[in-house]
Amino acid sequence: MTEVMATTTETTVTDNTSKNDDTPTLSVIVEFTGGLEMLFSDQRRHVLSIPTTDKSGKPVTVAYLIEYLCENTMRDTRKELFILDDHLRPGILVLINDADWELEGEETYEIQNGDNILFVSTLHGG
Amino acid sequence: MPPALCGICKTQRALIKRPKNHQKLCKGCFIQIFEDEVHHTITSSQLFFRGEKVAIGASGGKDSTVLASVLKTLNERHDYGVDLVLLSIDEGIKGYRDDSLETVKRNAVQYDMPLKIVGYDQLYGWTMDQVVETIGKKGNCTYCGVFRRQALDRGAKMLGIKHVVTGHNADDVAETILMNLLRGDLPRLSRSTSIVTGSSSSEVKRSKPLKYAYEKEIVLYAHHKKLDYFSTECIYSPEAFRGSARSLIKNLERVRPSAILDVVRSGEDMARLVPGAIPDTCACNGKASFLRPTDEDNGIGGCGSTNGRTGGGEMAAMEKQLKANEAAEAAGLETEVAIIRPDYSHSRGLKSSKEEPPKSAGGVVSIATKQKLGTCEKCGYMSSQRLCQACMLLDSLNKNRPEIMI
């Protein structure tokens with residue numbers, strides 16, 4: 001019980017795709033398990049720098065992150081396995097710092113520097 | 001906004017919101033209540049007896065890994081006296097099953113359980129890769145499903161075990177109920193709701209101890225207990241119809257989380273109206289769970305979405321129990337009117353008719369069944385037809401076997 005998801009490469013991808021060096025950024029750790037890592041270069045753990053505010057100057061939320069992941073991090077073309085009708089696909093759980101995102105306001109949660117956000121698919125074979 | 005506190009211990013930070021009753025729990029209390037509820041399902045349905053050898057159908061996926069972990073914990077905590085073994089089926093799908101079998105092998109070490117792996121090639125002379133090579137990807141899930149069902153039974157027999165538990169969860173059961181409802185297959189709908197299936201004196205009994213556990217909670221349990229499981233999709237296309245039923249369930253859950261257990265309970269209620277159906281053995285039936293307190297815990301809403309742990313007192317519970325009994329009796333009376341069931345082309349259909357009547361379930365009337373069960377001419381496996389489903393599929397496969405292989 002020591003190893004979790006031993007089948008996935010445990011190395012971390014650090015992504016520094018902030019478009020503009022002047023934009024202040026937040027550092028977040030995003031993890032994918034339960035089969036979702038397949039959509040993100042078979043990497044479980046990604047360390048990302050994301051802008052602190054969205055286009056309209058509001059603090060970034062989980063909704064923003066989900067879109068950001070689709071545009072910048074996902075290598076797979078099958079976006080519908082992650083997003084359906086502009087929302088996270090039902091059956092994917094989100095844990096924000098280990099807490100169910102339903103306790104944190106779901107998509108409206110404002111991301112803090114250093115947050116750990118885990119996406120777990122429940123849709124894959126058991 | 002200060003973090004929410006656990007609804008049970010009131011001290012730790014809540015990390016889980018339970019889909020069935022919106023209760024907010026900390027990690028420790030969640031793990032405890034999840035285990036307590038599975039324990040409740042096991043004791044109220046009298047799934048095991050002391051000294052019984054039980055094979056856990058283990059795929060390396062989340063459900064069977066959680067099942068193995070929980071059963072090991074409960075067997076030790078509540079002294080069931082059950083002898084647990086891991087039983088895995090190797091369908092022979094390269095790049096899919098190899099990896100998950102590695103997970104099962106690690107689980108065997110982690111849980112200190114013996115492991116038996118049975119291959120389709122040794123049972124049927126065909127791996128799934130070879131089946132797909134012959135028939136293509138379309139419809140191969142039928143073969144795999146029929147083969148797997150028998151494979152678990154045969155594997156269990158090889159080990160001298162008469163009881164196989166599988167990791168089917170509430171979402172799986174709800175999904176199957178919906179599929180059978182959409183197909184108009186009421187006999188099968190009835191069987192799919194049973195916690196125990198396929199038992200008779202000589203054959204292998206199947207049960208689903210996680211029948212009332214949400215998939216979401218299974219995944220969270222695995223996460224918070226840091227269990228080692230494997231997740232991948234079968235490389236051959238998933239069953240399209242089941243996929244739609246699954247999406248439907250997940251969409252319903254999003255709007256109304258209790259919907260999953262509600263579908264399970266509705267399925268159980270409908271099952272009682274199906275002629276010849278065997279009422280489920282869980283006496284509490286998801287409604288009056290506090291009527292049968294287990295030896296250790298009182299009032300765990302193990303099987304229902306309606307009661308968390310509140311409960312409206314014993315009178316309400318008694319009323320519900322009486323209603324349930326009446327319903328079962330009504331179902332019993334209806335069978336005497338002998339409604340003709342349409343078609344028994346499925347061997348699975350007959351399997352359930354040989355089920356033993358529930359041993360406990362106070363007041364529930366056992367219903368006589370009319371079908372006779374034969375055995376397959378070729379392999380001796382139970383079947384309503386001359387040949388069992390697996391042998392029929394094998395027949396057609398062998399006719400089409402590529403020449404090189406003959």
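Naming convention: chains lettered A, B, ... in sequence-line order (proteins, then strands); numbering from 1 in each chain. Note that the coordinates shown come from a computational prediction; the quantities given were computed from them, not determined experimentally.
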task: List for me each residue that meets side-chain contact (heavy atoms from CB on, under 4.5 Å) alongside I83(A), sequence neighbours excluded, and say none if there are none.
output: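 Testing I83(A) for side-chain contact (heavy atoms from CB on, under 4.5 Å), a comparison that skips the adjacent residues, returns I66(A), C70(A).
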
- prompt: How would you list, by chain and number, every residue that makes a side-chain contact (heavy atoms from CB on, under 4.5 Å) with A14(B), sequence neighbours excluded?
  reply: L103(A), A4(B), K24(B)

query: Does the side chain of V219(B) reach to within under 4.5 Å of the side chain of T33(A), using non-hydrogen atoms?
result: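 Not in contact.
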
task: Measure H224(B) against the heavy atoms of chain A and call it side chain, backbone, both or neither at under 4.5 Å.
output: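 H224(B) touches chain A through side-chain heavy atoms alone.
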
task: Against chain A, label H22(B) side chain, backbone, both or neither, depending on which of its atoms sit under 4.5 Å from a heavy atom there.
output: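 For H22(B), no heavy atom lies under 4.5 Å from chain A.
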
query: Can you name the residues of residues 86-94 of chain A that have some heavy atom under 4.5 Å away from a heavy atom in chain B?
result: R89(A), P90(A), G91(A), L93(A)

For [X], does the [atom1] atom have more than 12 heavy-atom neighbours from other residues, nucleotides or ligands under 6.0 Å away?
X	atom1	result
K58(A)	NZ	no
D112(B)	CG	no
E107(A)	CD	yes

field: Ion pair E102(A)/R18(B), N-O distance below 4.0 Å
entry: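 Between R18(B) and E102(A) there is no salt bridge, as every charged N stays at least 4.0 Å from the carboxylate O atoms.
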
query: In terms of side-chain geometry, is the basic nitrogen of R13(B) or E104(A) positioned less than 4.0 Å from the acidic oxygen of its partner?
result: yes

- prompt: Going through the distances and angles, do D171(B) and T122(A) end up as a side-chain contact (heavy atoms from CB on, under 4.5 Å)?
  reply: CA-CA 10 Å; D171(B) 296 53; T122(A) 66; over 6 Å; no

task: Counting only heavy atoms closer than 4.5 Å, note whether L84(A) contacts chain B via side chain, backbone, both or neither.
output: neither

message: Tell me every residue that passes salt bridge (charged side-chain N to carboxylate O under 4.0 Å, His left out) with D100(A), counting only those two or more places apart in sequence or in another chain.
response: K216(B)

